[in-house]
Structure formats: structure tokens, C-alpha cells
Amino acid sequence: MKQASSFPSADGLWAGLRLAPDAAPGAALDADAEAAIAVTEGMVRWVGARSALPAGFEGLPPHDGGGALVTPGLVDCHTHLVYGGQRANEFALRLAGATYEEVAKAGGGIVSSVRATREADEDTLFAQAAPRLEQLLADGVCAIEIKSGYGLALEHERKQLRVARRLGEAHGVTVRTTFLGAHALPPEYAGRSGDYIDLVCNQMLPALAAEGLVDAVDVFCERIAFSLAETEQVFQAAKALGLPVKLHAEQLSDMGGAALAARYGALSCDHIEHLSAEGIEAMRRSGTVAVLLPGAYYTLRDTQLPPIEALRAAGVPMAVSTDHNPGTSPALSLLLMMNMACTLFRLTVPEALAGVTVHAARALGLQKTHGAIAEGMPANFVLWNVRDAAELAYWFGQRPVRTVVRQGRIAVGGQP
Ligand code: NIG
Ligand code: FE
């Protein structure tokens, strides 16, 4: 792996670009006009029509975009990237007819990844997660969320979150860490769910937050995981520490989790296949992002579609993410998720693109720094070898990335 510190600076004048629709909300230019982006000290200083470039930027070192389409750097706003082992055996079990819930109840599922994660040390977890991260980055990802939740004990949750931070530093990518201690009941707490939630709220979360390892707090609210009341207890603990919350909500059943999360001003509710009308209304009022996870829907061969039309009608922002995890979504391409969001969920191309940029950034509370190309934001953008933005969702299994500018550095590609 190349260390991020060795990536060349992206400072200069990027010209010969075509701006994807809505990529730079502040810039007014015709769809077919040549666009330019001025970058100094790793920050976007100006974006707009090349013909309107202020004189002060003319002398910057040139970067020729060669007519490439440019979008904001992609944001993968929901991943479980750090874990030990893999679960291809469960894939085989499901092919033989078992359901996700049956596999979980038989001691597989999340708990089997917990075993493998507990056995691995920090360096091993890092070595296993790094190539996965590199795959996602190769698709133009510039910011990523990484959850804990396969440790389920203080030292092991800490290990996962520390690895997430290290991955961000080593690869020069923005990482937001989410504490998901309430992901599953660890076997040593069988039958003592209340005691485990007390541990999560009173010991694990405060300790990890004090170590600066927690940017947000998540819970798996589901009949095979934690109840609504337990979810609220965790939200209370997060609130006491001033941490934002998000929720794995209504994936397998309607638990009323989204409405609860909205009352806590949640950044996002994720999965939401079984989301009710009340849940949608609550999310609309609180400005909570709906995170769609077509990879999990596909892997589980779910048939309950998330209520896209109602979310759209209510104006709830929709994000799209990989949900990368070893159980339900071993996906390593956010572009493929765009394709699935369109094909399976009937998102439009602009919705899918907004779903992996501006709305995904908002699902992480990163809207001031990611998800758009704008003056004053760090330079995170991608040049694509495509004619039309629709191609980003249309091809699958192809990586039309030409150049990735990440954190003000040229992380992939370069000048032709
Ligand atoms: O987002 N829904 C809960 N958590 C993960 C699955 C985790 C696993 O099976 O390991 C998800 O789909
Ligand atoms: Fe998830």
C-alpha cells in the first residue's frame, strides 16, 4: 500500500472538466460548458465555468482534465469494514434454504464474526480491512463510516475503532467511527440483555468516547437484536455525551425504531425496508437521512422494498451505501450499489448520485466538508472516464475512475 503522505498535492487549476449535475451547488454554468476547479492548500477556492475564472487563479499549475466528468468524492456512509474472518459458509447455508434469522439463532450470524474479531489482534484486523478499504477507494470514495459491533466487549470494540482510525490516517481518507456496541447480544450475556445494555451505556460508550474513538452511536433495533426500550437507553447515553445517533431500523420488521431515532434527532435511519408512514413523517420533521442498503436487500433476497415513493414524496433525503459487512453485504463497490439502488429500488440516476454524495455526507454530519465541490471545502473530487453521469449507475463491475483527488492530494491517477 502506498502511504497517503506520498500522494502528490492536488494544488493547481483543474480545467478541461465537465461538471456532473448538482456537483457544485454554488456554481452557475451551462451543462456543456467547460468547468474548472481552483485548489490551493488542499482546499477548493473556486469552481465554475472556465471562461469565468477570476484572474487571480490563472497562474496556478495546470491539471488537464481531458474532458472528464467530475463529481464530488463519493461518501460510503454505512460500513462494518473492520472484522475478523468471513462468512462464506453462511452464504452456502442460505443457498441451502436457511434464512438470515435462522442462521443467527443457530449461533452463526453476527456472533460468529464476533468470535473471529475477538481472536484477531489490532494489526491482523488492520491487515484484513486495508485491502477492502482499498477496493472501496478505487471507486472514488473520499469519506467512509466504519462501525464497531463485532467486539461486543470494551477491549474488542476499542480494537475495531482504533483500527478504523488507523485506516483513515494510513490511506488519507476521512473516516467517521460509529460505536455499535448494541449490535448483538454477546454469548456470555445470553438471557441478560438488560445487563449488557447497562454495560454498553455505563462503561463501554463513556470509555471509548473519552478516548476520542466515537463520532456517532448506532444500535441494531430488531427482534433478533435489541428492543425499542433498549435502543432508547443507548440513545440517552449518547445524548448525555453529546454524541449524534443513527439506527439500523425496520430492516426485518417494523419496530417503530425510525420514529424513536427521529425524536433523538438521528443523523440517519438505515435499511428501513419496513418503515411505516409515521416513521417517514418523523424522519421528515427531524431532517433524518434515509440510508438505503441495496447490497443487504439483494444478499438476503429480501422482497420487502423500502418505501421509496413515499420517502420521495415526503422529501426525505435518501443516501445509498454498501453496508459492507461479512454477513449480509460483502460488497466492495459503491458504484455497484448505485446500480442496485436504481435497478432494485427504482431510484433515478440523480437520486443515486446524490445518495452517494451530498445526502451520504449529511448522514455522517459531514455536509460542510464532503459531498459537494464548493469554495471553502477540502478538495475531494473524482474525474471519470464517462460521457454521461448516468454511466456511473449504468455499468456494473467496471471502474471508470480516471483521477481521485482526496483530502487535497491526487490519490488515484494523475495527469494524462
Ligand atoms: O447492517 N443489520 C445488522 N447488521 C448488519 C449485518 C451484520 C452481520 O450479519 O454481520 C447489517 O446488515
Ligand atoms: Fe449495517
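If you're wondering where the values come from, they're calculated on a predicted model, not measured in any experiment. Here, residue 1 is the first one in the sequence, and each next residue gets the next number. Whatever order the structure lists ligands and atoms in, that order sets their numbers, starting from 1.
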For H78, counting its heavy atoms only, list the atoms of ligand 1 lying under 4.0 Å from any of them. 1 (O)

Look at the side chain of R45 and the backbone N and O of E41, then say whether any donor-acceptor pair between them is shorter than 3.5 Å. no

Donor-acceptor contact present, side-chain H271 to main-chain Q251, <3.5 Å: no

Those atoms of ligand 1 less than 4.0 Å from some heavy atom in H183: 3 (C), 4 (N), 5 (C), 7 (C)

For Y394, is the OH atom crowded, meaning more than 12 foreign heavy atoms sit under 6.0 Å from it? no

So do the side chains of R312 and M318 get within less than 4.5 Å of each other, counting heavy atoms only? yes

Consider only side-chain N and O atoms of Y100 and E90, and report whether a donor and an acceptor are under 3.5 Å apart. no

Among the N/O/S atoms of H80, which is closest to the Fe ion (ligand 2)? Give the atom name. NE2

Going by atom types alone, do T117 and Q160 pair a side-chain donor with an acceptor below 3.5 Å? no

min-distance protein heavy atom vs atom 12 (O) of ligand 1 -> T328 OG1, 2.7 Å

Could you check whether any heavy atom of E222 sits closer than 4.0 Å to an atom of ligand 1, since that is the contact criterion I want to use? no

Who's the nearest protein heavy-atom neighbour of atom 11 (C) of ligand 1, and how far? D323 OD2, 3.3 Å

Under 2.8 Å from the Fe ion (ligand 2), is there any N, O or S atom belonging to H271? no

Specify which N/O/S atom of D323 comes nearest to the Fe ion (ligand 2), by atom name. OD1

Using a distance threshold of 2.8 Å, state whether an N, O or S atom of D270 lies below it from the Fe ion (ligand 2). no

Is there side-chain contact between E391 and W384, with at least one heavy-atom pair below 4.5 Å? no

4.0 Å heavy-atom contact, Y150 with ligand 1: yes

Return the closest protein heavy atom for atom 2 (N) of ligand 1 as residue, atom name and distance. Q251 OE1, 3.0 Å

Proximal ligand 1 atoms for R87, defined as those under 4.0 Å from one of its heavy atoms: 8 (C), 9 (O), 10 (O)

Using side-chain hydrogen bond (donor to acceptor under 3.5 Å, both in side chains) as the criterion, point out the one residue from H324, E145, H248 that pairs with H78. H248

Other residues, nucleotides and ligands only: do more than 12 of their heavy atoms fall within 6.0 Å of CZ on R192? yes

With heavy-atom distances below 4.0 Å as the criterion, list the atoms of ligand 1 near Y100. 6 (C), 7 (C), 8 (C), 9 (O)

